[in-house]
Every structure is written in structure tokens, then in C-alpha cells.
Chemist: 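My questions will all concern the structure given below.
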Protein chains: 2
Amino acid sequence: MSRAALAALAVKDVPMRTTNVHDQVLRAALDLFATQGYATTSVQEIVAAAGVTKGAMYHYFASKDDLLFAIYERMLSLQKARLDQLVAAGAERGDAVEDVLRAVCEDVVTTSIELLAEGTVYTRSQHMLAPERQAEVKRRRRAYHDDFQALLERGIEEGVFRDDVPPAVLIAHFFSDVHYLPQWYSPAGPETTAELAEQLTELFLRGIRAEPSATKPSGGKAK
Amino acid sequence: MSRAALAALAVKDVPMRTTNVHDQVLRAALDLFATQGYATTSVQEIVAAAGVTKGAMYHYFASKDDLLFAIYERMLSLQKARLDQLVAAGAERGDAVEDVLRAVCEDVVTTSIELLAEGTVYTRSQHMLAPERQAEVKRRRRAYHDDFQALLERGIEEGVFRDDVPPAVLIAHFFSDVHYLPQWYSPAGPETTAELAEQLTELFLRGIRAEPSATKPSGGKAK
DNA sequence: ATCGACATACCGTCTGGTCGGTTTGCACGA
DNA sequence: TCGTGCAAACCGACCAGACGGTATGTCGAT
């Protein structure tokens, strides 16, 4: 059931509204922002690429900034929903922390590859957002990290993850991989998305696992 | 000796020319580009912050783009020089691959923290460079990665690093940490730079080491 | 007749870059 | 020591154009 629910959260299903213009403009903006950057893309270019007029665009969006924020909003909502979904499913099944974390990490990588253009924009253009919007993005990302951190801390308490590195560093270590994807990953490359997600997740997990030596007396829960 | 040579490559020693104006303008540009972004910073702002006039600036720099490229140039030269230095020193001493790699990684992290502003600009503004300049940056970074990859491949051949993940993925896994630093690291944070460099390097190395099981018959070289 | 969905023409602002001119630093001959 | 010449350093007013955004109008559906 939860698996089906997760599948229902596929990228394409997150609404870009039903209006055609809204849709088209946002798609064109995402594409242009990702390839040319926000500042170097004019509203004229966007509406031309979308096949609409400036009047139409400004009927649906308050400003160019609004257009940019819509891209962030969509991405943040989607990723947060998937994370919540996976954590809830893991809790329901009583999965071991490491299994939940592995599922989460692989999902984040996979989703980030599907949202490669959004990822490019996210990294490059965050500082172009209006200050209040920037704060909103930070707030949302913070909320996301908190959920992720809770997972890590549970693992640390259970003794399966190392406790000699601050959780903040562990988080940065993982999300660096995710945020770096748009800068090197090419769909034309040799690996499949799933393989890459597995590999990156494995590298991360291997790095953060507690040393097998000096196991605590607390009962280890086998898978 | 090589240690002294490395120390001689400190950040501050890389020339920003001796002319005061050149110096001042570049510093102001770096600062503003890092905080506001390239496109949203006007030449007027830069020269005002540097305390010079536009005429003076255009006497030393051909264009705004030139200003941006100078920042990249400086950073790339410095990092490449340090990498070469460390690899050469390791070869001279006959160090084990893992020790050389550890030294390199820690140095990259440390240097990247010293060049935090440059790192911010690097990630955000690469697409604003003139196409030829963009290609030049890519070329330089490629050269850097090739040296790094040689190190990894030597380790893989010797059996100390895992061979079930492509080197390209291993490289991305490490440099993601480096490139992500400007987005989360704060000098006001709890860890010292050296600690953080050690931690990130350790996480990386732990991830890429070959499994201790199934050791190859080739003689393992103990440290 | 009212309203949402657009189209079109237009505006004020700001930008990167230029250019003619002036000042400064300095070698050199008398 | 002083003038002289000359190039490099520097000034700042100016420009052409592009940009985000708006005001006003049209049109079909209800």
C-alpha cells in the first residue's frame, strides 16, 4: 500500500496546475534557467519558448521571481513528501535504521536525477530569490534535514552508526553527493540511475557505519 | 623541503599583482560576487566598493567577464599547484597510496575552506563566463581530476581501494564534499578546519577502501 | 454586462562599456 | 637641479540598448 502510495508520488504527478499556459511557461522557464541561468534569461525568452505572450505570463505569475520560486516549491514539496512516505513505511514495518536510511538515500538520489534541471537551478539561483523567499526555501530544507538527522541519530544511539563525527557533518557528506549530481551526471553515461543510486548510497553507508570492533553490549538487531 | 615548498604556496602568496587598483578591484569583485551573485552585481558597485573609478578598473580588466575569470584562474592555479606538490612529495618519499590520498584530500578540504568565497562563485557563476572561458575552466578541472584519478587507480590496482565502483563515481563522491562546503560550512561552527578536513577525508576513505575479506594474493604493503 | 484570459504597445530604469581628456611617474639630457 | 618628453594610470560623462513590468484594450463565455 505504502509502496503504491509512493509510486503515486511520481514526479510527473505533482501538479503544474491544469492550465496550459501556466504549465508551458513553467516548463520553459525551468529549461532556460537550467541552461542559461536565471539572470541571463529574459522574460521575453521564456514566453517565446513557451509560445505565449508576456501578458499571458503575467496573468499567472506575479513576477519573474515568482516563476523561479515555483520551481523551488515544486521540488521541495516532492522531496519532502517522498521522505515522509519512506520513513513512515519503514516505521510501520519496523525496519532496521540502516535499511530505512538506505531506502531513503537511494530514493533521494533517484529523484534528484529525475529532477536534474531543478537541481541545477536550485544550486545556482538560490541567491536570486527575493530574501523572504530565500528564507522560506531555507526553512523547508531545514525541515527536511531535521527528519534526515533524526534517522541518523537513531542509528547512532543504536550503535550502528559512528558517533565520532557530528551528525551535521554526516548530513553534509550525504547531501553533497545529491547536490553535486547536476554538475557531473549525464544520462548518456554508462551506469543506470538505479546502479548509481546504489553505489553512492553504499559509499555513504560504508563511511558512516560504526567500527565493528568495540561493539556495545546493547543488543544488535539483526535484519 | 617539500613541506616548506608547500607552505610557500599559501593562499595569500599567489599574486594578485602588485598594483593596488588591480588588487582592490579583484577583492571587491570576489566579495560581491560571492554574496550577491555575478549578474546582480554591477560594475559600478564593484568600483565603488574598491574605492576606484570605472575608468581605472577598465584599465586593468577588459570586461566584467575578465574580472570573473581572474577569480577562477587564481583558484584553479592554486589548487593544481598544491596537488602536484603533494603527489610529488609522496612519490619522493615512497608513501603508500592511501597516505598520499589522505594528505591530498585533507589539503583540498582545508584549501577550499580558505577559498570559501571563491568556491561560492565557482559553483554559482560558471555558466556566466564566456563560452571559451567556460571551456578553459573545464579543461583545467579535467586536468586536476585526471591527476586525482591516477591516484585512485593506483590504489585500485594495488587492491587497497574497491574496484566495484567506477573511478568517476569515486571522484564525484569526493569532490561533492569539497564543492558543497560553501553551502553549509560556517567558520563560526564548532569544528576547526583541520578536524573537519580529517572527518570528511575519513568518511571518504572508509567508503572507498576494499573489503578486508577476499584479499588478493598480491603482497599487501603495510604502512 | 460582467469577468477571466489573454494581446500589444509602451515606459522608466539601469547596465556594461567607451572615449576624449587630464594627471602622475620617471628617465634623461643639459 | 631643473626642465622636458612621454607613456602609463586614471577620470567621469556619456551612450545605446535591453530589461522587468504595466496600462489599456479585445474577445469569448456565462
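Nothing here was measured: the structure is a model prediction, and the numbers come from that model. Order of the sequence lines fixes the chain letters, A, B, ..., with proteins taken first and strands second; residue numbering starts at 1 for each chain.
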Chemist: Nearest whole angstrom, please: distance from the P of dC10(D) to the CD of Q24(B).
Modeler: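 Rounded to the whole Å, the gap is 11 Å.
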Chemist: Which residues satisfy the side chain to side chain contact (heavy atoms under 4.5 Å, CB included) test with H127(B), sequence neighbours excluded?
Modeler: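 Checked H127(B) against side chain to side chain contact (heavy atoms under 4.5 Å, CB included); matches are R124(A), Q134(B).
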Chemist: I need the full list of salt bridge (Lys or Arg N to Asp or Glu O under 4.0 Å) pairs touching residues 52-69 of chain A, with sequence neighbours left out, sorted by first then second residue.
Modeler: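 Sorted pair list: D65(A)-R133(A), D66(A)-R133(A).
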Chemist: Return the set of residues passing salt bridge (Lys or Arg N to Asp or Glu O under 4.0 Å) with R141(B) (not counting sequence neighbours), or none when no residue passes.
Modeler: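 Once residues adjacent in sequence are excluded, R141(B) has no partner under the salt bridge (Lys or Arg N to Asp or Glu O under 4.0 Å) criterion.
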Chemist: So, do Y180(B) and Y185(B) have ring centers that fall under 6.0 Å from each other?
Modeler: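 No - the distance between ring centres of Y180(B) and Y185(B) does not fall below the 6.0 Å cut-off.
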Chemist: What integer distance in Å separates M57(A):CE from dT22(D):P?
Modeler: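 Answer to the nearest Å: 10 Å.
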Chemist: Over how many whole Å does the gap from L32(A) atom CG to dC19(D) atom P extend?
Modeler: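 Rounded to whole Å, this separation is 13 Å.
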Chemist: In whole Å, I'd like the distance from the CG atom of D66(B) to the C1' atom of dG17(C).
Modeler: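 Interatomic distance, CG of D66(B) to C1' of dG17(C): 13 Å.
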Chemist: Can you tell me how far C1' of dT23(C) sits from NE2 of H59(B), to the nearest Å?
Modeler: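 Value for this atom pair: 13 Å.
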Chemist: Could you list the residues that satisfy side-chain hydrogen bond (donor to acceptor under 3.5 Å, both in side chains) with S176(A), not counting sequence neighbours?
Modeler: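 S176(A) satisfies side-chain hydrogen bond (donor to acceptor under 3.5 Å, both in side chains) with S176(B), D177(B) only.
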Chemist: Taking only N/O atoms, report every protein-nucleotides 11-16 of chain C pair under 3.5 Å with atom names and distance.
Modeler:
from, atom 1, to, atom 2, distance (Å)
dG16(C), OP1, T41(B), O, 3.4
dG16(C), OP1, K64(B), NZ, 2.8
dG16(C), OP2, V43(B), N, 2.8
dG16(C), N7, K54(B), NZ, 3.3

Chemist: Measure CZ/F61(B) against P/dT18(C) and give the value in whole Å, please.
Modeler: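 Those two atoms, CZ and P, are 16 Å apart.
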Chemist: In this structure, how many angstroms lie between the P atom of dC19(D) and the CD1 atom of I46(A), rounded?
Modeler: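 Answer to the nearest Å: 11 Å.
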Chemist: How would you list all residue pairs meeting ring pair (Phe, Tyr, Trp, His ring centres under 6.0 Å) that involve residues 64-91 of chain A, not counting sequence neighbours?
Modeler: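 Sorted result for residues 64-91 of chain A: Y72(A)-Y122(A).
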Chemist: Specify whether H22(A) and Y60(A) have parallel, tilted or perpendicular ring planes, treating 30° as the upper limit for parallel and 60° as the lower limit for perpendicular.
Modeler: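 Perpendicular: the ring planes of H22(A) and Y60(A) meet at over 60°.
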Chemist: What residues from residues 120-136 of chain B pass a heavy-atom cutoff of under 4.0 Å to DNA chain D?
Modeler: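 Here the set is empty: none.
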Chemist: Check side-chain hydrogen bond (donor to acceptor under 3.5 Å, both in side chains) between Q44(B) and all other residues, then give those that pass, not counting sequence neighbours.
Modeler: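 Here no residue qualifies.
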Chemist: Please list every donor-acceptor pair under 3.5 Å in which a side-chain atom of residues 191-200 of chain A meets a protein atom from a residue at least two apart or in another chain.
Modeler:
from, atom 1, to, atom 2, distance (Å)
T192(A), OG1, E195(A), N, 3.1
E195(A), OE1, T192(A), N, 3.2

Chemist: I need the OH-P distance between Y60(B) and dG17(C), as an integer number of Å.
Modeler: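 These atoms are roughly 19 Å apart.
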